[in-house]
> 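Can you keep this structure in mind? I'll have questions shortly.
Remember, it's 1-based here, ligands and their atoms both numbered in the order they're listed.
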Amino acid sequence: MTKITLPPHSKLLAPEFTFGVATSSFQIEGAADQREASIWDTFCAQPGRIKDASNGLVSCEHIKHWREDLALISDLGVDAYRFSIAWGRVINADGSVNKQGLQFYIDLVDGLLANGVAPHVTLYHWDLPQYLEDQGGWLNRDTVARFAEYAEVIGKALGNKVAAYATINEPFCSAYLSYEAGIHAPGHKNRKEGRQAAHHLLLAHGAAIQVLRKHAPEAEHGIVLNFSPCHAFSDAAADRAAAELAHAYHNLWYLQPLLKGSYPDLTHVLKADELPDIHPGDMQLIAQPFDFLGVNYYTRTVFRAKNGWFSDVPPTEPPLTTMGWEIYPQGLTEVLTQLKQQMQGLPPIYITENGAAFPDVIEHSADHNNAENTVHDPARIDYYQKHLLAVDDCIKAGLDMRGYFAWSLLDNFEWAEGYSKRFGIVYVDYTTQQRIPKASALALRDFWRARRAQWQVAEAL
Ligand code: FCB
């Protein structure tokens, strides 16, 4: 596959729909010496935590190369760029503002606007300052107030220049993977902690959204959740119940409090001391109106029953990505349709992340005077094509889809997987920091540019 196309009347082609590319701070920035340490620095320094024993100290050196990266973004013909702010690059351990760090994000936002690209900012994409983790991190209720203070600094500095603010990226990961499954920083393994961290993350969302609205009344405000349809391994009643439990535990646990002000009732499987501590007024703070739901979608998950609980069954049948994830585009339409049926009041949706890691190889040009090195990644082009059609299907199914962001602009630090998994549409040579657009970047660029050209034709008529 070399091209991306959509049916001529697809709503995705209209100017109202937002297309963009996405990144996150810890995964690309580097320049660790200019910020406070985060829980991911600590985690990376622990032997055995990261598959290739790497870290985020240098990464893509985006702080140094951001103008070049901005040029890449602008060249793609996207409407928007989603990035996250490193909390520890903005707020020092003593609570003072790191002026140089904050200025970086102000310059980035101004640079995007000067290039006609709308900034979509995420405040928290997992890189909690270590100084807060030292006080208990997301298990400490005070972290909620610290997050609101940080949101105030960002809201004041960037205000209405930002088109959309997302408070938290994937609380499932920062709670479940981080405090319950031990896979992400800080690497704890405790069910009660997972539930408590989730509650505090959602509270932090509620507190921050109020502050952000005050300082950026014209911007859209929301949160980003990750969803995966939960399928049963077999038709056996126990497996079906396990898949249903996984859906409640992994998907609804984060969406239901936002929309209904309650957690799914799992008291039949969770012990009383595994439930989060909830103070009066908490659920109201969490459940206040928000303008958009960001959805990160990658794959589906299959579950079977195990010891009264659920256990995921890793896929083995191709096509799989190098993450071992099944390519399952229809799952995007399926899970969103299911959530719309289950939950009243679903706000407009942006797909804030979607993409795939493949074993990309760089093909060096035989002609040494010609710097045209390329990466042929037809499987990634095919992945994008199929998922864009799935977004189109969501619209046809009555979902209010507002945008789509490809994950990711650049190859980057893929958390516990290190640099071994390449999700970028732009290849990064980590030894030279050279950026090389892959064939998928060119296919998306052609698609995005053709879309814009069409509006110009329409305008001229
Ligand atoms: C998501 C994360 C993002 C990236 C992709 C592959 O869960 O939000 O940072 O790692 O997965």
> Backbone or side chain, does any N or O of Trp126 fall under 3.5 Å from an N or O of ligand 1?
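Not met; the criterion fails.
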> Any N or O on Glu353 sitting closer than 3.5 Å to an N or O of ligand 1?
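Glu353 vs ligand 1: N/O contact under 3.5 Å present.
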> May I ask you to check whether Tyr263 and Trp253 place their ring centers less than 6.0 Å from one another?
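They qualify: ring centres under 6.0 Å apart.
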> Could you grab the distance from atom CE of Met343 to atom CG of Leu293, nearest 0.5 Å is fine?
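Those atoms lie 11.5 Å apart.
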> Going by salt bridge (charged side-chain N to carboxylate O under 4.0 Å, His left out), name the residues that satisfy it together with Arg380, two or more places apart in sequence or in a different chain.
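Counting only residues at least two positions away or on another chain, Arg380 forms a salt bridge (charged side-chain N to carboxylate O under 4.0 Å, His left out) with Asp360, Asp377.
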> Which protein non-hydrogen atom lies closest to atom 10 (O) of ligand 1, naming both residue and atom, and how far is it?
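Of the protein heavy atoms, Glu414 OE1, 2.7 Å lies nearest.
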> Before signing off on this row, confirm whether Ser24 and ligand 1 have an N or O atom pair separated by under 3.5 Å.
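No; every N/O pair is 3.5 Å or more apart.
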> At a 4.0 Å threshold, what atoms of ligand 1 neighbour a non-hydrogen atom of Trp415?
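The list of qualifying atoms is 3 (C), 4 (C), 9 (O), 10 (O).
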> Which residue is it: Tyr81, Phe292, Phe83, Phe405? I am looking for the one with a ring-ring contact (aromatic ring centres under 6.0 Å, His included) to His120.
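When Tyr81, Phe292, Phe83, Phe405 are each tested with His120, the ring-ring contact (aromatic ring centres under 6.0 Å, His included) holds only for Phe405.
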> Looking only at distance, does Trp325 have an N or O less than 3.5 Å from an N or O of ligand 1?
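In fact, backbone or side chain, Trp325 has no N or O that close.
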> Between Phe413 and Phe26 (judged by ring centroids, cut-off 6.0 Å), do the two rings come close enough to count as a pair?
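When the ring centroids of Phe413 and Phe26 are compared, they turn out to be within the sub-6.0 Å range.
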> So, do Thr301 and Phe303 sit near enough that their side-chain heavy atoms are less than 4.5 Å apart?
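Touching, per the 4.5 Å side-chain cut-off.
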> Decide, yes or no, whether a salt bridge links Asp392 with Lys11 under the criterion of side-chain N to carboxylate O below 4.0 Å.
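Result for this pair is no, no salt bridge flagged.
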> Taking the six-membered ring for Trp, are the ring centroids of Phe147 and Trp87 within less than 6.0 Å of each other?
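Yes, the ring of Phe147 comes within the 6.0 Å limit of the ring of Trp87, centre to centre.
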> Below a 4.0 angstrom heavy-atom separation, can you tell me which part of Asn169, side chain or backbone, both or neither, approaches ligand 1?
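Side chain only; the backbone of Asn169 stays clear of ligand 1.
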> Could you check which of Glu417, His184, Met323, Glu170 puts a non-hydrogen atom nearest to atom 7 (O) of ligand 1?
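Nearest heavy atom to atom 7 (O) of ligand 1 lies in Glu170.
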> For His125, is the nearest heavy atom under 4.0 Å from an atom of ligand 1?
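Judged by the 4.0 Å heavy-atom criterion, His125 does count as contacting ligand 1.
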> Which residue and non-hydrogen atom of the protein lie closest to atom 5 (C) of ligand 1, and at what distance in Å?
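Among all protein heavy atoms, the one nearest atom 5 (C) of ligand 1 is Tyr298 OH, 3.2 Å.
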> Which ligand 1 atoms are under 4.0 Å away from a heavy-atom of Gln27?
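Listed by number with element, the hits are 3 (C), 4 (C), 9 (O), 10 (O).
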> Within a distance under 4.0 Å of any heavy atom of Phe423, pick out the atoms of ligand 1 and give their elements.
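Those qualifying, in numeric order: 6 (C).
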